[in-house]
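Worksheet: one structure, shown below.
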Amino acid sequence: EDQVTQSPEALRLQEGESSSLNCSYTVSGLRGLFWYRQDPGKGPEFLFTLYSAGEEKEKERLKATLTKKESFLHITAPKPEDSATYLCAVQAVYGGSQGNLIFGKGTKLSVKP
Amino acid sequence: GAVVSQHPSWVICKSGTSVKIECRSLDFQATTMFWYRQFPKQSLMLMATSNEGSKATYEQGVEKDKFLINHASLTLSTLTVTSAHPEDSSFYICSARDSHFSEQYFGPGTRLTVT
């Protein structure tokens, strides 16, 4: 069964304290892995798509990496405005014609000034 | 990035009435649109997938007669919650993509409260 597990569930950091969020996945065949940011009461905001092991993408203080079993979202010198829930999702090659996303439960990040 | 809008952003209705939520892709043509439901402190739960001009495909456990989905054009999908009850109160989010293998973009969500 295709599955996505994110850890930790919650992470509290001081401003400037770098850390990483983990997304472990099992999927019959990976089409793509997606990272989203979700603020309270809002829809998810697209961050990155990763397609193959070894791929990396960066955006401001965020860097996403991918291996054959997991993805990391590295946050360098975070600021309070980075506080949000970060969602990981995978799209399976063999997930039917719709290619639906399979979401993890998310990591809630809090950055204190 | 691509923009998806939803209307209304929040709605309060009385038990037994129907509510329609609109989802629009503003700057691209959405061949596929998705409707999700999210409970507090939980992740997104896919309700149904719709392709333009076709009937929606509902996930197991989602009542198709209660949650009516119409994807009449490449930029508009609607979700109608019929005969709403308090247990239907939730955060409903739509998303859209322009091809099978492209990124999926989400709307801002609609908060439905049924009294």
Side-chain angles (χ1 to χ4, degrees), chain A residues 1-10 21 23 25 29-52 55 57 59-60 62 64 84-110, chain B residues 1-7 9-10 21 23-25 28 30-52 54-60 62 71 90-113:
Chain A
E1 182 184 348
D2 298 336
Q3 195 170 3
V4 177
T5 304
Q6 290 188 246
S7 62
E9 289 186 12
L21 282 55
C23 172
Y25 64 91
L30 182 69
R31 163 58 61 179
L33 185 142
F34 303 79
W35 282 99
Y36 290 88
R37 167 190 171 132
Q38 187 176 24
D39 292 299
K42 296 187 177 181
E45 174 190 346
F46 171 76
L47 293 174
F48 304 108
T49 308
L50 301 168
Y51 293 104
S52 57
E55 189 175 0
K57 287 192 177 175
K59 180 181 180 180
E60 296 181 352
L62 300 177
T85 295
Y86 290 85
L87 298 170
C88 171
V90 297
Q91 184 185 37
V93 171
Y94 306 110
S97 60
Q98 307 290 4
N100 299 335
L101 295 181
I102 303 164
F103 279 91
K105 294 184 178 181
T107 293
K108 183 176 181 179
L109 173 66
S110 299
Chain B
V3 180
V4 177
S5 70
Q6 273 184 250
H7 179 80
S9 56
W10 60 271
I21 302 170
C23 175
R24 293 182 184 271
S25 56
F28 67 101
T31 56
T32 307
M33 285 186 164
F34 304 83
W35 287 95
Y36 292 83
R37 186 172 179 176
Q38 188 174 34
F39 294 101
K41 298 185 180 181
Q42 293 191 25
S43 193
L44 287 78
M45 181 190 80
L46 180 65
M47 299 175 64
T49 304
S50 71
N51 292 301
E52 184 263 340
S54 302
K55 288 185 177 180
T57 302
Y58 290 81
E59 295 298 301
Q60 193 172 8
V62 178
H71 190 167
S90 191
F91 191 52
Y92 292 88
I93 311 173
C94 74
S95 71
R97 68 180 185 213
D98 63 2
S99 69
H100 185 77
F101 302 123
S102 71
E103 286 81 12
Q104 199 169 309
Y105 295 93
F106 287 81
T110 297
R111 172 74 58 192
L112 170 63
T113 302

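Throughout, a chain's letter reflects where its sequence line sits, starting with A, and its residues are numbered from 1.
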Residue, of A:Ala89, A:Gly41, A:Gly106, that accumulates the most heavy atom pairs under 4.5 Å with chain B: A:Gly41

All side-chain hydrogen bond (donor to acceptor under 3.5 Å, both in side chains) counterparts of A:Thr107, not counting sequence neighbours: none

A:Asn100 CG to B:Leu46 CG distance, which is reported to the nearest 0.5 Å: 5.0 Å

Atom pair CZ/CD of A:Phe46 and B:Gln104 - distance to nearest 0.5 Å: 10.5 Å

Atom NZ of A:Lys57: over 12 foreign heavy atoms under 6.0 Å: yes

Within 6.0 Å of CD in B:Glu59, more than 12 heavy atoms from elsewhere: yes

Nearest heavy atoms of [X] and [Y], plus distance in Å:
X: A:Gln38; Y: B:Phe91; value: NE2-CE2, 4.3 Å
X: B:Glu103; Y: A:Tyr51; value: OE2-OH, 3.5 Å
X: A:Gly104; Y: B:Ser43; value: O-OG, 2.7 Å

Part of A:Glu45 within contact of chain B (heavy atom distance under 4.5 Å): neither

4.5 Å side-chain heavy-atom contact, A:Leu87 and B:Leu44: yes

Proximity breakdown for B:Gln6 and chain A, heavy-atom pairs closer than 4.5 Å: neither

